[in-house]
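Report on the structure given below.
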Amino acid sequence: QVQLVESGGGLVQAGGSLRLSCAASGIIFSSKLMGWHRQAPGKQRELVARISSFGVVMYADSVKGRFTISRDNAKATVDLQMNSLKPEDTAVYYCYAEGRWGSDYWGQGTQVTVSS
C-alpha cells in the first residue's frame, strides 16, 4: 500500500528555516516524479517544487532561490529545505508522488506556520 508520510513542519519566525521530509513506501520510489505542494486556508493547492526520477528540479516562482528540493532514492525520501521563510509561506505542505497513468498519491500534510 502506498504511503507518504511528511515530517518537519512547525512554527518559525519570518526569515527562518525549516526542512520538511517525506518518507515513501509501497512504490518504486526511484522511478517516480516526487514533489511538494501546499495549501493555505481558503486557497487552492499549489505546486511548490518537483523533482524527477533523474533529479531534474522545478520550483514555483514564489519559492525560487529560497527552497531546495532533494531526494534520496536509497532512503526513499524527498526533502524540502525552506530558507528565508515568509508569512506567505504559511500553509499545509503535502508530499506528492506521481502514480500510474497520471494518478497521484498524497501524504497527509504537515503544517508550516511562519510568523511575522
Side-chain angles (χ1 to χ4, degrees):
Q1 187 173 358
V2 176
Q3 188 172 14
L4 304 174
V5 181
E6 302 99 332
S7 62
L11 175 65
V12 66
Q13 287 188 315
S17 298
L18 284 174
R19 188 177 183 91
L20 306 183
S21 183
C22 172
S25 61
I27 60 172
I28 305 174
F29 181 85
S30 61
S31 70
K32 300 296 184 181
L33 175 70
M34 302 293 297
W36 291 91
H37 290 58
R38 67 187 182 188
Q39 187 169 25
K43 296 185 178 181
Q44 290 186 285
R45 188 173 299 185
E46 65 174 348
L47 184 150
V48 176
R50 293 280 179 88
I51 182 166
S52 76
S53 60
F54 300 101
V56 178
V57 300
M58 180 180 66
Y59 298 97
D61 288 342
S62 59
V63 306
K64 285 182 179 178
R66 300 188 298 119
F67 291 10
T68 302
I69 189 170
S70 61
R71 67 190 294 159
D72 187 332
N73 288 340
K75 296 180 180 179
T77 58
V78 57
D79 290 359
L80 185 70
Q81 178 65 46
M82 305 185 294
N83 299 326
S84 302
L85 283 162
K86 304 175 181 179
E88 306 93 88
D89 296 318
T90 296
V92 177
Y93 284 69
Y94 296 91
C95 183
Y96 162 91
E98 183 182 33
R100 295 179 65 184
W101 305 113
S103 299
D104 301 331
Y105 300 104
W106 298 94
Q108 81 286 353
T110 185
Q111 177 70 48
V112 172
T113 303
V114 184
S115 62
S116 58

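Note that the coordinates shown come from a computational prediction; the quantities given were computed from them, not determined experimentally.
A donor-acceptor pair shorter than 3.5 Å can be found between the side chains of N83 and Q81.
W106 and V2 end up in different hydrophobic clusters when Ile, Leu, Val, Met, Phe, Trp and Tyr side chains are linked at under 4.5 Å. No path of Ile, Leu, Val, Met, Phe, Trp and Tyr side chains, each step under 4.5 Å between heavy atoms, connects V92 with I69, placing them in separate hydrophobic clusters. Hydrophobic cluster membership differs between V5 and V48, with clusters built from Ile, Leu, Val, Met, Phe, Trp and Tyr side chains linked at under 4.5 angstrom.
The side-chain heavy atoms of V78 and K32, taken from C-beta on, include no pair separated by under 4.5 Å. Under the 4.5 Å side-chain criterion, counting only non-hydrogen atoms from C-beta, S21 is not in contact with K75. By the 4.5 Å heavy-atom criterion applied to side chains, Q111 and L11 are not counted as neighbours. At least one side-chain heavy atom of V112 sits under 4.5 Å from a side-chain heavy atom of M82. No side-chain heavy atom of Y93 sits under 4.5 Å from any side-chain heavy atom of E6.
Note: R50 CZ to M34 CE = 10.0 Å, rounded to the nearest 0.5 Å.
The ring-ring contact (aromatic ring centres under 6.0 Å, His included) contacts involving residues 45-79 comprise nothing, where partners must be two or more places apart or lie in separate chains.
Considering all non-hydrogen atoms of both residues, F29 and D72 come closest at CE2-O, 3.8 Å.
Checked against side-chain contact (heavy atoms from CB on, under 4.5 Å), E98 has the following partners two or more places apart in sequence or in another chain: L33, Y96. Partners of K64 according to the side chain to side chain donor-acceptor pair (under 3.5 Å) rule, which considers only residues two or more places apart in sequence or in another chain, are D61.
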